[in-house]
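Below is one structure, written out as structure tokens; the observations come after it.
All chains are named by letter (A, B, ...) in the order of the sequence lines, taking the proteins before the strands, and each is independently numbered beginning at 1.
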Number of protein chains: 2
Amino acid sequence: MAKLEKRDEIVRAALELIAENGFHGAPMAMIAEKAGVGAGTIYRYFENKDVLINELYRDLEQRIYTVLMEGYSPEKPVRERFIHIGTAILRYCIANPLDFRYLEQFHNSPYGVVHRRDRILGETGEKDIYLELFKEGLARHVVKELPMVVLFALAFGPLITVARDHILGFVVLDEALIGEIITACWDGVKR
Amino acid sequence: MAKLEKRDEIVRAALELIAENGFHGAPMAMIAEKAGVGAGTIYRYFENKDVLINELYRDLEQRIYTVLMEGYSPEKPVRERFIHIGTAILRYCIANPLDFRYLEQFHNSPYGVVHRRDRILGETGEKDIYLELFKEGLARHVVKELPMVVLFALAFGPLITVARDHILGFVVLDEALIGEIITACWDGVKR
DNA sequence: TGTACAGGAATGAATATTCATTCTTATAAT
DNA sequence: ATTATAAGAATGAATATTCATTCCTGTACA
């Protein structure tokens, strides 16, 4: 197995175990076994478990940001851009359920809290796109006059909930339903 | 200290520690110390940590259900009832941040997943009230024709997000803002 | 009334387990 | 042959749980 492949296997195994069982259901020994490497080997690629967890997070964030930005044009009207992003997020979560579960685990853990505090007002990632979008929406008077955080919650909250329900099998999201959901979110946000 | 008081102290200590530091930041020894009892004493009241965690969850769920139902009248129009519940939930989360944090921890852990699977379609608690409400809303054609789970997500998702942001200090929810948020949620759900 | 005693409750030190990390040994590459 | 890499057994810290002992509290008896 090549060096990069090995690192990749470790990351993949960690992602899967943590996404499915949480940080506690993913001991290093188990990650090693799933990755098909020795326990000690992991430490040749990652200084310790924390580093592994955080690097994995950054990888994911970066990957998602790229996907969201695919085909995004800042010239289009606010409503259209809103729908673009929302749709992209939902599609991504459905296509990559493990990624989504991992992010959830991360955000609801001490790691995630530290992460938030790090950038109270210097956000990046999804939040960033939305913020920029809402700023313009406010200026043009097309969205409700509410604090940014609230607009974000109105747009993003339902997506998280619905993505989780899809992954747990409580609902099946097809393209039609995704469209209706995003439109409904827009109804909540628009003026 | 009376017997019930003691049980109560244990529960309170567990709630606080878990809400603030997660399940892992709350070893039994620490819970015992905070509760002012011996480590072994906890096991006189709860068979093991899992049982403690689950009983605590049920307690909370019950308590919240009661609060939500205060002043709820099934005769009022759907919109009014929707606003009643939403407002009550937000007020509760703000007044009892520890409870809210605990519930979040629980839901985002193996406990929560087991819990969900237990009652795939026999939900209780908040979800129950909303379901009944939406059923009527659908019959009367006042809410969008979407699956129950999706309607629930549209109504509930933003509340969770916004409650978390309030607790973390990213926004201050006063009565006026709460009103605006619930109305916005209704905009997303209504036909 | 005061004293001995029993039964239950509480305690916390001792134990068993789980896990991240390290270290020694084996293997492969140059 | 030397060096880098991998493996997985060994280590030690952290933790849930157990259990022998102590401490209460209420009751019976003198």
Taking side-chain contact (heavy atoms from CB on, under 4.5 Å) as the definition, give me every residue that meets it alongside A:E104, ordered by chain and number, with sequence neighbours left out.
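For A:E104 the side-chain contact (heavy atoms from CB on, under 4.5 Å) partners, ignoring immediate neighbours, are A:F100, A:R101, A:I160, A:R164, B:N108.
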Could you pull out all residues at least two apart from A:Q62 that satisfy side-chain contact (heavy atoms from CB on, under 4.5 Å)?
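Only A:T66 meet the side-chain contact (heavy atoms from CB on, under 4.5 Å) criterion with A:Q62.
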Rounding to a whole Å, what distance do you find between B:R7:CZ and C:dA9:C1'?
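Atom CZ in B:R7 sits about 16 Å away from atom C1' in C:dA9.
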Listed by chain and number, what are the ring-ring contact (aromatic ring centres under 6.0 Å, His included) partners of B:H166, not counting sequence neighbours?
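Per chain and number, B:H166 pairs via ring-ring contact (aromatic ring centres under 6.0 Å, His included) with no residue.
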Please list all pairs passing the ring pair (Phe, Tyr, Trp, His ring centres under 6.0 Å) test where one or both residues lie in residues 172-191 of chain B, with sequence neighbours left out.
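For residues 172-191 of chain B: B:F82-B:W186.
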Could you tell me how the ring of A:Y111 sits relative to the ring of A:F106: parallel (under 30°), tilted (30 to 60°) or perpendicular (over 60°)?
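A:Y111 and A:F106: parallel rings.
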What residues, two or more places apart in sequence or in another chain, satisfy salt bridge (Lys or Arg N to Asp or Glu O under 4.0 Å) together with B:R12?
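Salt bridge (Lys or Arg N to Asp or Glu O under 4.0 Å) check on B:R12 returns B:D8, B:E9.
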Please enumerate all residues that pass salt bridge (Lys or Arg N to Asp or Glu O under 4.0 Å) together with B:E55, with sequence neighbours excluded.
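Scan of B:E55 (salt bridge (Lys or Arg N to Asp or Glu O under 4.0 Å), adjacent residues dropped) gives B:R7.
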Side-chain N or O of B:Y45 closer than 4.0 Å to phosphate OP1/OP2 of C:dA10:
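Yes.
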Under 4.0 Å protein heavy-atom contact, by nucleotide of nucleotides 11-28 of chain C - B base, S sugar-phosphate only
BB------SSBB------
Only pairs at least two apart or in different chains count here, so list each side-chain hydrogen bond (donor to acceptor under 3.5 Å, both in side chains) that has a residue in residues 141-154 of chain B.
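Output for this query lists A:D187-B:K144.
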Might you list the N or O atoms of the protein lying below 3.5 Å from N or O atoms in nucleotides 21-23 of chain D, with each pair's distance?
none

